[in-house]
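Some notes on the structure that comes next.
In what follows, chains are A, B, ... by sequence order, proteins preceding strands, each numbered from 1.
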Protein chains: 2
Amino acid sequence: MSRKAFQRLSLDDRRRSLMEATLVCVAQHGLHGATVRRIAEEADVTAGLVRHYFGSKDEMIRTAYAYLVGQLTARASDSARQTEGDADRQLRQFLRANVTLPNLSEQKVSLWATFIGRVRYDPQFAEIHREGYREFLNLLEALVEPVLMAHKRPHSATICKRHAIALNGLIDGLWMEGSLNSGLYSQALLPDILVEASERLLGLPPGSLSKPRTTQEQ
Amino acid sequence: MSRKAFQRLSLDDRRRSLMEATLVCVAQHGLHGATVRRIAEEADVTAGLVRHYFGSKDEMIRTAYAYLVGQLTARASDSARQTEGDADRQLRQFLRANVTLPNLSEQKVSLWATFIGRVRYDPQFAEIHREGYREFLNLLEALVEPVLMAHKRPHSATICKRHAIALNGLIDGLWMEGSLNSGLYSQALLPDILVEASERLLGLPPGSLSKPRTTQEQ
DNA sequence: CGTATAATTATTCAAATGTATAACTACTGA
DNA sequence: TCAGTAGTTATACATTTGAATAATTATACG
């Protein structure tokens, strides 16, 4: 009767591996079906490791939630930051990144929803959510302001915040819709719908976000 | 040692009572914490009744989900139908009803999110979701078309559907945001933000939805 | 007022779950 | 090459869980 062969991983690698296994299990089986044993099996380790790396199952799940939120925001933010061009193009790119792969993923939406469902009644989840929301809203405000300025639209702090809230709502809503109802209409439409809708929300001239001039044309 | 005194309820009353207890428990403790025993206690009955009225715990939870979805849509729909006035006012009222009490409730959003998280991997939840989504989108399309016509805007079936999708995304997103982040900004702003944003999305003249003329003024 | 019956309670059971602890082994450094 | 150690496995355990069954009783009906 030989023991299972195993490999030692660095602290970071093992933790990440366990968090990712956690996310897979929560997505597939929900919080109630994501048992320590199943998560351990997904990560190809035994259940005892959970306690070793995280104090408890709940702690591991919370950490995985924060990991997910960070990933989602970072992807969209990076996408905007790596874009060459004026404010319009950067906002456009940020918007599109939210409803495009890899962020537009049924698994990620499922996960996000599952966790959101706990925010109201679990203070620790609430804290993670609040922090992520604040960061996302700040990013959005920072992208919106220069666009409004460039188009000579009102751009007070209050107005920017209001726009950011509405935009964030639109993004979240379409992101969920798009991932959950992939059969009902083409996901390829989503980025266009979002960008055009955002254009209208901000009161920009038609085409300023949806048909941006290339850098050369400017 | 006397037994617990109990009252016999009609089939409908008992089922509704159990479904509502289920929703309370799922909201408070999540799907994993909503045990048969807890739900039974919430409904002030013993656990055996669950099996009697629903084949299993899972069946009861599914039924409760469908019950919730129906309630949400009905509330918004009724609100619009009971509104006197032109197409603008009806759409306005429908929109506002989605981000106003009783639909704007942290518990309902939590519930909704929790269930949405299961849609992707559970075909039975998916069916309930799809049906509810379809119904909501149809309602929205039917409200949007006459508004576009009245304002002499393009209103082909394709355009109406596209608008309905974007509006639905906006509604869902703001609904969630508003319920989850009540601390960050006043919930009283939500209906206005939604109506103004919808106005822009549909390309309507400013004020046509957000500052509707009263019936007398028309 | 009595009786049938189905709604409800009370109890039981096997399986699953989170956690705790002990045993083992892959890797590190000398 | 060889210990030492910490990462990892294996096992054990008390609790909880969903479900099944038996025992009671509220209510409708004649």
What is the distance, rounded to the nearest whole Å, between atom CD of A/Glu59 and atom P of C/dT19?
11 Å
Whole angstroms only, please: what is the NZ-P distance between A/Lys57 and C/dA20?
15 Å
Interatomic distance where CG belongs to A/Leu31 and C1' belongs to C/dG18 [whole Å]:
15 Å
Side-chain donor or acceptor of A/Thr83 paired with backbone N/O of A/Ser79 under 3.5 Å:
yes
I'd like to know if the side chain of B/Arg92 and the backbone of B/Leu209 have a donor-acceptor N/O pair within less than 3.5 Å.
yes
Residue from B/Arg162, B/Lys161, B/Arg134 passing salt bridge (charged side-chain N to carboxylate O under 4.0 Å, His left out) with B/Glu141
B/Lys161
Could you go over nucleotides 21-25 of chain C and give all protein N or O partners under 3.5 Å, atom names and distances?
unit_1: C/dA23; atom_1: N3; unit_2: A/Arg3; atom_2: NH2; d: 3.4

N/O donor-acceptor pair under 3.5 Å between A/Arg51 side chain and A/Lys57 backbone
no
DNA chain D: A/Ala47 or A/Arg37, which has the more 5' nearest nucleotide?
A/Ala47
If you find the nucleotide of DNA chain C closest to A/Gly55 and the one closest to B/Val45, which residue's nucleotide is nearer the 5' end?
B/Val45
Given D/dT9, D/dT8, D/dA19, identify the nucleotide with an atom nearest to the side chain of B/Ser56.
D/dA19
Find the distance A/His29:NE2 to C/dA16:P and express it as a whole number of Å.
14 Å
Check the distance between C/dA7's P and B/Arg15's CZ and give it to me in whole angstrom.
12 Å
Please report the distance, rounded to the nearest Å, between NE2 in A/His52 and C1' in D/dA10.
15 Å
Among D/dT8, C/dG18, C/dA7, which is the nearest nucleotide to the side chain of A/Thr35?
C/dG18
Looking at A/Gln124, A/His129, A/Arg130, which hits side chain to side chain donor-acceptor pair (under 3.5 Å) with A/Glu127?
A/Arg130
Verify, without hydrogens or angle tests, whether B/Arg38 (side chain) and B/Gly33 (backbone) share a donor-acceptor contact under 3.5 angstrom.
yes
To the nearest Å, how far apart are B/Gln7 CD and D/dA28 P?
10 Å
Assign the ring pair A/Phe94 / A/Phe136 to parallel, tilted or perpendicular, where the plane angle (0 to 90°) is split at 30° and 60°.
tilted
Can you tell me the distance, in whole Å, between the CG atom of B/Asp44 and the C1' atom of C/dT9?
12 Å
Side chain of A/Leu49 only, please: which of C/dG18, D/dA19, D/dT9 is the nearest?
D/dT9
Which nucleotide in the set C/dA7, D/dT8, D/dT9 lies at the smallest distance from any side-chain heavy atom of B/Tyr53?
C/dA7
Establish, with yes or no, whether the OP1 or OP2 oxygen of C/dT8 is under 4.0 angstrom from a side-chain nitrogen or oxygen of B/Arg14.
yes
